[in-house]
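The structure under discussion appears below in the form of structure tokens.
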Protein chains: 2
Amino acid sequence: MKLSDGPRTGSRGNSRDNSKASQKPKPAAGERRLGDFLCFAIYSANLAFGRAYKKGLDELGLTYPQWIAIVALWEQDGQTVSELGEKMFLESNTLTPILKKLEQMAYLRRQRDPSDERQVRISLTEAGRRLREKGMHMNLVASTGLKPDEFARLQENVVTLRDNLIRATAEKAE
Amino acid sequence: MKLSDGPRTGSRGNSRDNSKASQKPKPAAGERRLGDFLCFAIYSANLAFGRAYKKGLDELGLTYPQWIAIVALWEQDGQTVSELGEKMFLESNTLTPILKKLEQMAYLRRQRDPSDERQVRISLTEAGRRLREKGMHMNLVASTGLKPDEFARLQENVVTLRDNLIRATAEKAE
DNA sequence: CCCATATATATCGCATCCGATTAAATCGGA
DNA sequence: TCCGATTTAATCGGATGCGATATATATGGG
């Protein structure tokens, strides 16, 4: 198991810092900088997305994972906790508190499946569906500053990256 | 403020689902699926990275943000909490507990700057530097399943995305 | 010098994430 | 049928993120 996902092992090119001597102490030669790690780019982009969405979500009175759950349930209503978890890449330990909160807000219902009492099926209420509509006409595409083709390719590459990571992690766990 | 970052507003092309009738109930026509949101791709890729790194980080006895802090301090030692926060895209409310934990583990020192007692300067201990070396020869590049050129372009695009989002969010906040 | 303002951290409460464990229901082989 | 293994949620504790607030220090105008 290796911990770096930065491709560079030798000297780095920093296009913003080559006109004058750096004022910062140089890191040890050959070291990867934080900016070279793809994982950190994803990590920080995720923070940035969360902050960009914050204002709009506050107007809906939702958090980001709550919103994702509403979108996933809009796509297909009546999913079990596990099914919803597969789509959101989360498990019941994380999902259950979120769903309980949304139930408490009257945006969805949680009920045991009569045919298998182990499962809990989640269905949106009318208020939950209205919530989806309220958030639907909002978008951040412009804020990404990406052209449509860049946007689409980036999206595909990130999804590929995610799926490859998940597969590789599962394989290494035997 | 718009809340969707999915580019498609009309019908979707789902290349995996066009050979036979979908078994799932169709979502309302014109709806964006979760998979069309770039924010969700980033969100879930971040979860995937966290899980992929987990095993390696456990061996070091660190969490992901703790590791990031070590890397950032290795780059430049003696940073203030704010400076470190700029690089990690975090503020003192999040950073202080992490740094206190790392101090308690004896990987760094936190000391008030004598010339300005408001600031706290963070410096790695010898154990902290050894930690960086222990993690350095590990990498996840193979697990990403991306070719080097794809990897590099993806990294650049994600960084651009992040920086554009941050700028746009700051502008909208007046 | 005095005090209002600004700056840099820290604290607090809430909401995720996640590993480990628990509890309940189902399944399956003897 | 019976009982151990499996499956599905839920619970618990620890560690982030983050808005709001608090505290301590520094700064500047009168």
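Heavy-atom basis, side chains included; hydrogens, waters and symmetry copies ignored. To find a chain, count down the sequence lines: A is the first, B the second, and so on, and within it residues start at 1.
The CG atom of Leu95(B) sits 16 Å away from the P atom of dA15(D) (whole-angstrom rounding). Atom CG in Leu99(A) sits roughly 14 Å away from atom C1' in dT8(D) (whole-Å rounding). Glu86(A) has its CD atom 10 Å from the P atom of dA9(D), to the nearest Å.
Position along DNA chain D of the nearest nucleotide to Ser115(B) versus Arg118(A) favours Arg118(A) as the more 5'-ward residue.
Only one option out of Phe49(A), Trp67(A), Tyr64(A) pairs with Tyr43(B) in a ring-ring contact (aromatic ring centres under 6.0 Å, His included); it is Tyr64(A). Partner of Arg110(B) under the side chain to side chain contact (heavy atoms under 4.5 Å, CB included) criterion, out of Val81(B), Leu102(B), Val120(B): Val120(B) alone. Exactly one residue among Glu86(A), Arg121(A), Lys87(A) makes a side-chain hydrogen bond (donor to acceptor under 3.5 Å, both in side chains) with Gln79(A). That residue is Lys87(A).
The phosphate of dA9(D) has neither OP1 nor OP2 within less than 4.0 Å of any side-chain N or O from Lys100(A).
If you check the side chains of Thr169(B) and Arg51(A), you find no donor sitting under 3.5 Å from an acceptor.
Here the shortest heavy-atom pairing between Arg162(B) and Ala41(A) reads NH1-CA, 4.4 Å.
Partner assigned to dA30(C) is dT1(D), using Watson-Crick or G-U wobble distances below 3.5 angstrom.
For the pair Asp163(B) and Arg167(B), the salt-bridge criterion is not met [side-chain N within less than 4.0 Å of a carboxylate O]. Under a 4.0 Å N-O distance rule, the pair Glu126(A)/Arg129(A) qualifies as a salt bridge.
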Q: Give the intermediate values and the outcome of salt bridge (Lys or Arg N to Asp or Glu O under 4.0 Å) for residues Arg153(A) and Asp149(A).
A: CA-CA 6 Å; Arg153(A) 197 177 53 207; Asp149(A) 61 326; 5.5 Å; no

I'd like a table of atom pairs between the protein and nucleotides 16-20 of chain D - only N or O on both sides, under 3.5 Å - with the distance next to each one.
{"unit_1": "dT16(D)", "atom_1": "OP1", "unit_2": "Thr63(B)", "atom_2": "OG1", "d": "2.8"}
{"unit_1": "dT16(D)", "atom_1": "OP2", "unit_2": "Gln66(B)", "atom_2": "NE2", "d": "3.2"}
{"unit_1": "dG17(D)", "atom_1": "OP2", "unit_2": "Tyr43(A)", "atom_2": "OH", "d": "2.6"}
{"unit_1": "dC18(D)", "atom_1": "OP1", "unit_2": "Arg51(A)", "atom_2": "NE", "d": "3.1"}
{"unit_1": "dC18(D)", "atom_1": "OP2", "unit_2": "Arg51(A)", "atom_2": "NE", "d": "3.3"}
{"unit_1": "dC18(D)", "atom_1": "OP2", "unit_2": "Arg51(A)", "atom_2": "NH2", "d": "2.1"}
{"unit_1": "dG19(D)", "atom_1": "N7", "unit_2": "Asn93(B)", "atom_2": "ND2", "d": "2.8"}
{"unit_1": "dG19(D)", "atom_1": "O6", "unit_2": "Asn93(B)", "atom_2": "ND2", "d": "3.2"}

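If you check residues 103-113 of chain A against DNA chain C, you find no residue with a heavy atom closer than 4.0 Å.
At a threshold of 4.5 Å between non-hydrogen side-chain atoms, the residues Ser82(B) and Gln119(B) do not count as touching. In this structure the side chain of Leu99(B) never reaches within 4.5 angstrom of the side chain of Glu103(B), judged on heavy atoms.
You can see that DNA chain C meets the heavy atoms of chain A within a 4.0 Å-exclusive cut from dA15(C) to dT26(C), reading 5' to 3'.
At most 12 heavy atoms of other shown residues, nucleotides or ligands fall within 6.0 angstrom of atom CD in Glu91(B).
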